[in-house]
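These notes concern the structure reproduced below.
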Amino acid sequence: MSTSTETHILTTPGGGPTLRSPIDWKFPIVYGVLALVTLLLFGLFGGTGGKSTTFSFAAGTDLFGIPPLTVSAMATTVAVGIVLVAMAAVATWLAVKREKIGIWFPILFGVLFLFAFLTWAGAGNGHIPLTPLLAGALALSVPLIFGAMCGLVGERSGVINIAIEGQLLAGAFLAAVVASAVKNPYAGLIAAPFAGALVAVVLSFFAIRYWVDQIIIGVVLNVLVVGVTSFLFSTVLTQNPELWNARQALPVIPIPLLGDIPVLGPVLFRQSILVYIMYVVVAVLYVALFHSKWGLRTRAIGEHPKAADTVGIPVNRNRVINVLIAGAIAGLGGAFFTVGSGLAFGKEMSAGQGFIALAAMILGKWNPLGAVFAALLFGFARNLGNTLSTMGTPVPGDLLLMLPYIVTIFAVAGFVGRVRAPAANGKAYAKQ
């Protein structure tokens with residue numbers, strides 16, 4: 001039996017042959033490897049004998065306190081490893097029977113594996129602060145979520161947007177400049193979407209009007225924005241930073257009562273207005289995309305533009321509008337790097353987040369909620385690396401810094417299952 005897929009020929013009751021679907025060994029192998037890593041590397045041979053790990057939950061302003069949880073590192077990781085081995089065996093059995101696994105299975109497996117990993121990594125190294133870990137993960141996910149929503153709107157309309165990186169950077173730049181000049185972070189927040197939309201104007205002009213290859217124009221726009229912002233940073237912002245590049249931070253706005261709920265309160269409801277806008281954008285996009293006339297038209301021009309044109313939908317006009325909307329969303333995400341984080345603008349401070357946002361969109365299968373969960377996964381991986389690297393864990397620091405990019409590679413390499421982009425994605429349309 002090979003690790004690749006196998007197709008079996010069976011005989012029907014009438015005597016004719018029929019093909020059964022191939023066995024997909026990908027996930028059983030992944031589950032098996034991770035289960036053995038947990039049992040052996042984290043548990044039996046993890047060097048955690050006699051050590052314990054403490055998980056802390058509560059913050060000082062919570063409605064009620066949750067006592068810290070202290071566990072024996074070796075006993076816990078071994079127990080979790082045995083459970084994961086059993087789950088891997090179940091996944092293998094279901095794969096042989098060609099039965100699908102519910103979404104709860106990989107989620108549960110991932111949570112248990114993460115718990116074992118944190119138990120092993122934190123053994124004898126103080127405590128694992130879960131609330132700051134989750135809050136930091138959400139913060140680092142904000143530009144990714146905005147970027148993923150930008151790519152989703154564009155690609156659902158049939159336009160590939162590689163320029164998300166440039167739109168994030170443009171939003172960060174204009175937000176910093178306007179907020180610094182006006183001495184008001186909210187002014188920068190209002191200005192940021194216009195920067196992203198301006199980049200989107202150029203993208204739509206060349207990609208939709210003149211049929212320039214959408215991948216090429218996206219890459220060119222990224223380089224252009226990096227060049228323009230770097231030039232202005234070196235010649236204008238650094239010469240008079242008090243006027244053009246002073247730090248202006250959006251204040252935290254806690255929501256009464258909700259912000260005092262242990263763990264969830266500090267993570268979700270003690271945020272700036274930018275994060276609350278992100279909640280609204282995701283909810284509105286999900287409802288609009290699947291339950292509105294706009295969403296129906298958007299999906300139509302992304303899947304079958306000729307059919308949409310036949311029933312009177314102006315394909316290219318809708319594509320232009322949607323690309324501009326998407327650019328404005330990305331510009332909001334760029335504001336997080338400056339006014340959202342209380343930082344001054346720096347060269348190339350988006351640092352590849354636009355490309356990770358594209359991976360989150362693919363991992364989320366062009367669905368707003370799926371893209372949000374994928375972006376949160378990337379943000380959590382990054383913040384986990386930052387947190388553990390400061391604790392003196394046995395994991396190499398360079399490996400921890402690589403975590404979000406490793407997750408990205410596995411995501412786009414097909415470990416999310418079969419994904420299909422909109423059929424007309426990247427294809428220019430000419431009215432017949």
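Count residues from 1 along the sequence.
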### Task
Indicate yes or no for a side-chain donor-acceptor contact from Ser180 to the backbone of Ala246 under 3.5 Å, with no hydrogens or angles considered.
yes

### Message
Tell me every residue that passes side chain to side chain contact (heavy atoms under 4.5 Å, CB included) with Pro132, counting only those two or more places apart in sequence or in another chain.
### Response
Pro129

### Task
For residues Leu84 and Tyr31, determine if any side-chain heavy atom of one lies less than 4.5 Å from a side-chain heavy atom of the other.
no

### Message
Show the nearest heavy-atom pair for residues Phe336 and Ser341, with the distance to one decimal.
### Response
O-OG, 2.7 Å

### Straight-line distance of Ile164 CD1 to Leu152 CG, nearest 0.5 Å
9.5 Å

### Task
Indicate the atoms forming the closest heavy-atom contact of Pro266 with Ala135, along with that distance.
O-CB, 4.4 Å

### Task
Evaluate the side-chain proximity of Leu114 to Phe380: yes if any heavy-atom separation is below 4.5 Å, no if none is.
yes

### Task
Using a cut-off of 6.0 Å, state whether more than 12 heavy atoms not belonging to Lys293 lie near its atom NZ.
no

### Query
Can you name the closest pair of heavy atoms from Glu155 and Asn161 and give their distance?
OE2-N, 4.3 Å

#### Entry: CA sep, side-chain torsions, deciding dist, call: Ser234, Lys347, side chain to side chain contact (heavy atoms under 4.5 Å, CB included)
CA-CA 9 Å; Ser234 300; Lys347 285 185 178 181; 3.2 Å; yes

### Message
To the closest 0.5 Å, what do you measure between CD (Gln167) and CD1 (Ile162)?
### Response
11.0 Å

### Query
What is the distance from atom CG of Leu376 to atom OG of Ser141, rounded to the nearest 0.5 Å?
4.5 Å

#### Entry: Validation row: Leu118, Leu384 side chains within 4.5 angstrom (heavy atoms)
yes

### Message
Has Arg156 got a side-chain atom pairing as donor or acceptor with Pro422's backbone, closer than 3.5 angstrom?
### Response
no

### Query
Quick one: does Arg270's side chain have a donor or acceptor within less than 3.5 Å of a partner on Pro254's backbone?
no

### Task
Check the side chains of Glu303 and Asn425 for a donor-acceptor pair under 3.5 angstrom, ignoring hydrogens and angles.
no

### Within 6.0 Å of CZ in Phe115, more than 12 heavy atoms from elsewhere
yes

### Message
Is there a side-chain contact between Val177 and Leu232 in this structure, where contact means two heavy atoms from C-beta onward sitting under 4.5 Å apart?
### Response
no

### Task
Answer yes or no: is there a donor N or O on one side and an acceptor on the other, between the side chain of Thr53 and the main chain of Ala73, under 3.5 Å?
no

#### Entry: Steps toward side chain to side chain contact (heavy atoms under 4.5 Å, CB included) verdict (Leu138, Asn383)
CA-CA 9 Å; Leu138 177 63; Asn383 194 50; over 6 Å; no

### Distance-only polar pair, side chains of Glu165 and Ser350, donor-acceptor under 3.5 Å
yes

### Query
For atom OH of Tyr276, is the number of surrounding heavy atoms from other residues, nucleotides or ligands below 6.0 Å larger than 12?
yes

#### Entry: Over all atoms of both residues, closest heavy-atom pair of Arg247 and Leu343
CG-C, 4.0 Å

### Message
I'd like to know if the side chain of Glu99 reaches the main chain of Ala95, judged simply by a donor and an acceptor atom lying under 3.5 Å from each other, with no hydrogens or angles considered.
### Response
no

### Query
How long is the span from the CD1 atom in Ile321 to the CG atom in Asn316, to the nearest 0.5 Å?
11.0 Å

### Message
Less than 4.5 Å apart, side chain to side chain, heavy atoms only: is that true for Leu39 and Val78?
### Response
yes

### Check: Phe173 ring centre within less than 6.0 Å of Phe233 ring centre
no

### Task
Could you tell me whether the side chain of Val202 reaches within less than 4.5 Å of the side chain of Leu221, counting heavy atoms only?
yes

#### Entry: CD-CG distance between Glu348 and Asn222, expressed to the nearest 0.5 angstrom
10.5 Å

### Test item: side-chain donor near acceptor, Asp309 and Tyr429, under 3.5 Å
yes

## Note on the structure
Residues Val199 and Ala163: closest non-hydrogen pair is CG1-CB, 4.4 Å

### Query
Taking all non-hydrogen atoms of both residues, which atom of Gly379 and which atom of Leu144 are closest, and how far apart?
N-CD1, 4.1 Å

### Query
Should we say atom CZ of Phe55 is surrounded by more than 12 heavy atoms from elsewhere, each under 6.0 Å from it?
yes

### Message
Test your reading of the model: is there a side-chain donor-acceptor pair from Thr77 to the backbone of Trp120, 3.5 Å cut-off?
### Response
no

### Query
Does the side chain of Phe345 come within less than 4.5 Å of Leu237's, by heavy atoms?
yes

### Query
Does Val320 have any side chain to side chain contact (heavy atoms under 4.5 Å, CB included) partners at least two apart in sequence or in another chain, and if so, which?
Ser204, Ile208, Leu324

### Message
Apply side chain to side chain contact (heavy atoms under 4.5 Å, CB included) to residues Asn184 and Gln248 and explain how you reach the verdict.
### Response
CA-CA 7 Å; Asn184 190 326; Gln248 295 288 334; 5.9 Å; no

#### Entry: Pairwise distance CD(Gln353) to CZ(Phe378) - rounded to 0.5 angstrom
10.5 Å

### Task
Start with the C-alpha distance between Tyr286 and Phe290, add both sets of side-chain angles, then the distance that settles ring pair (Phe, Tyr, Trp, His ring centres under 6.0 Å), and finish with yes or no.
CA-CA 6 Å; Tyr286 179 80; Phe290 298 110; 5.5 Å; yes

### Message
Check the orientation of Phe105 and Phe109. Use parallel for under 30°, tilted for 30 to 60°, and perpendicular for over 60°.
### Response
parallel

#### Entry: Residue pair Thr298 / Asn322, side-chain donor-acceptor N/O under 3.5 Å
yes

